Protein chains: 2
Amino acid sequence: MIKTIEYLDGVARMIDQTRLPQEKVYVDCRTIEEVGRAIQDLVIRGAPAIGVAAAIGVSLGADGIEADTFDTFYPRLKTQCDALAQARPTAANLAWGIERMKRTAQAHRHLSVDQIKERLRQEALAVLEEDIQINRRIGQHGQELITGDSVVLTHCNAGALATAGYGTALGVVRAAIEAGKRVSVLANETRPFFQGARLTVWELMEDNIPVKLITDGMSGYFMMQGGVDAVVVGADRIAANGDVANKIGTYMVAALAHRHGIPFYVAAPVSTLDLSIASGEAIPIEERRGEEVVNVAGQRIAPEGTVAAYPAFDVTPHALVTAIITERGIARPPYGESLQRLAETG
Amino acid sequence: MIKTIEYLDGVARMIDQTRLPQEKVYVDCRTIEEVGRAIQDLVIRGAPAIGVAAAIGVSLGADGIEADTFDTFYPRLKTQCDALAQARPTAANLAWGIERMKRTAQAHRHLSVDQIKERLRQEALAVLEEDIQINRRIGQHGQELITGDSVVLTHCNAGALATAGYGTALGVVRAAIEAGKRVSVLANETRPFFQGARLTVWELMEDNIPVKLITDGMSGYFMMQGGVDAVVVGADRIAANGDVANKIGTYMVAALAHRHGIPFYVAAPVSTLDLSIASGEAIPIEERRGEEVVNVAGQRIAPEGTVAAYPAFDVTPHALVTAIITERGIARPPYGESLQRLAETG
């Protein structure tokens, strides 16, 4: 099993997701800034994995601060955290991971700085370990929604590579298969970064789970043909009303699923909920460089001078979401109530 | 102005659309078989351009037949035509172009074989010339539907490169601009062959028409943002009830446009109508090799052994089509009647 991210001695080691599946190369980050850059450059991606990377990044940042007292230590940690929080704007888990680490530092303000650094190290490791357990619980809850002999369509990669392991949306698929159901996956390639083609297909093939690759524009065709029984995707941020920000193209899939009466499930840890935001309209959508659309596998696919847009996420309105699967259970509409309830059962 | 296809002395010269926009390379076809291969390999594509290529191909085929009488000439021509008709199954214009040439040969059966060959040559040239005129008329009718200051989203390339010149969907855009309207284009890149990124963006930039490139999955996002005023696409075959076969992904765009109350227009010559087919369910959908999805710009984007699907077209149900723009006028629902009327005004 490939490890998406590990926390070794003074090093956050990540498999470089920009180079999969051609090459299995690892990137070692030794500072919080390097972790921020790895997140920005999509070496590591996927909301839960970003949350884990953030926690490890903050621990690395703390280790680099020379200070004798909490009062000189913490402001410098906070400055580093604020910078890391800017790495990518959409995923709620980035802020969640950072906040958790800041709270840990504050909770141990009475300890020596060295002891605080040790607590932060342990907390980062806990975030990493917990993430896998959370995904297994998401899988357990989610697999009940998947019937035997079904085709699950997914967009982007909400798999082991988007998390510390097992995956959210693909965790649901794995759990359904572990429960003895025959499930195959229809994977949207997910332009422009090809997370589906490069990552989802790869990790499912590694696990011998049947998967067929399609282009994003084919999802409507396969739904019309009756070839999709359920859609399961991950999420980058979920607003209080159940609106879901996820990889660009997700909204299109949700709208088509709705049109065809196919259930549309979102699988995400509670750390992806942002109940401070009333609706998806307030979720910041990252705009990446158009060059990332125009350059494919190192080659231009459009003329010199092409203007391209790259909103990296879109928002699926809650009315299109059949259920939200978390480690604490399944939320159903009205999400205003059900998500609040899940958040409070922590 | 680039010529998509020319009929020179014994040569069908086509710009190689597999290599645009990086290289402007021409392919010379000297036999009907070579024309068939060029169609199959997407050197030339776009339903109207395929119709023109077919006509020229049949003329080249006729020239290669050594026969003294119509009765020995025609069966051999028919055999060649039947083979050419297999090049691609979905576009109605392929069969239309071939049928027109067969009818021309039959209409001149009383002439010498050399004279028949000459008539076929003239007919092929007429098909080519007429196509440009047809597109200008489509543009004239269609531009009335486009309001000033609007953003038109298009999928695939239904432009000059999909026709003998001017284009169908992009002909509507060109005519709107010639009529003094400010129109800009949002171009879906159109996976897997990138006709949008490679061809639509290129030919619009050549004409200084503002164009922004997006991935196919972004169309829903831009519609939700209010960034699309109309969708105009081409067609490969239109059934009697108004169901429209067009490039894979079109259905997805149509469903989203419908959801957002954005008009969805189809621009196509009457030669794309196939009133012998009651509904889209009977339109044959070409299945191409999954390798064409997995290999992008000469590089694999998915692991070795990936299973990929490539239905090359999908069918947009007539209920999602606001109007069908032809050279003979605009058809509105119910299409059963309006298309029949247009077909009869020939």
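Each chain gets a letter, A, B and so on, in the order its sequence line appears, and its residues count up from 1. All values reported here derive from a predicted model rather than from experimental measurement.
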Legend entry - chain A contacts, top residue of B:V253, B:V296, B:I301, B:T215 (heavy-atom pairs, under 4.5 Å): B:I301
Legend entry - Options A:G305, A:A302, A:P303, A:A297, ranked by heavy-atom pairs under 4.5 Å with chain B, top entry: A:P303
Inset, instruction - Please determine, among B:S219, B:P192, B:A187, the option with the most heavy-atom pairs under 4.5 Å with chain A. - result: B:P192
Legend entry - B:E287 atom CD, over 12 foreign heavy atoms within 6.0 Å: yes
Inset, instruction - Using a cut-off of under 4.5 Å on heavy-atom pairs, state which of B:T306, B:D216, B:V211, B:I214 scores highest against chain A. - result: B:T306
Inset, instruction - Tell me, out of B:Y251, B:Y310, B:F313, who's got the most heavy-atom pairs with chain A below 4.5 Å. - result: B:Y251
Legend entry - For chain B, the option from A:A308, A:G249, A:G220 that forms the most heavy-atom pairs under 4.5 Å: A:A308
Inset, instruction - Determine the option with the most heavy-atom pairs under 4.5 angstrom with chain B, choosing from A:P311, A:P317, A:G298. - result: A:P311
Legend entry - Residue B:M205 versus chain A: region with a heavy atom under 4.5 Å: side chain
Legend entry - Which of B:M223, B:H155, B:H260 touches chain A most, by non-hydrogen pairs under 4.5 Å: B:H260
Inset, instruction - Tell me, yes or no, whether the heavy-atom count around B:Q225 atom CD, taken from other residues, nucleotides or ligands under 6.0 Å, exceeds 12. - result: yes
Legend entry - Interface moiety of B:H258 toward chain A, non-hydrogen atoms closer than 4.5 Å: side chain
Legend entry - Atom pair CG (B:N188) and CZ (A:R191), whose distance is rounded to the nearest 0.5 Å: 11.5 Å
Inset, instruction - Test A:L213 against B:V307 for side-chain contact (heavy atoms from CB on, under 4.5 Å), laying out the working first. - result: CA-CA 6 Å; A:L213 176 66; B:V307 177; over 6 Å; no
Legend entry - Heavy-atom proximity to chain A below 4.5 Å, by part of B:P21: side chain
Inset, instruction - Go through A:Q299, A:K212, A:M218 and name the one with the most non-hydrogen pairs under 4.5 angstrom from chain B. - result: A:M218
Legend entry - Inter-residue atom distance A:M224.CE - B:M252.CE, 0.5 Å rounding: 12.5 Å
Inset, instruction - Please tell me if the side chains of A:Y221 and B:V315 come closer than 4.5 Å, counting only heavy atoms from C-beta onward. - result: no
Inset, instruction - Answer with side chain, backbone, both or neither: which region of B:I285 has an atom nearer than 4.5 Å to a non-hydrogen atom of chain A? - result: side chain
Inset, instruction - Identify which of B:R259, B:R198, B:R300 forms the greatest number of heavy-atom pairs closer than 4.5 Å to chain A. - result: B:R259
Legend entry - Residue, of A:G196, A:P210, A:G217, that accumulates the most heavy atom pairs under 4.5 Å with chain B: A:G217
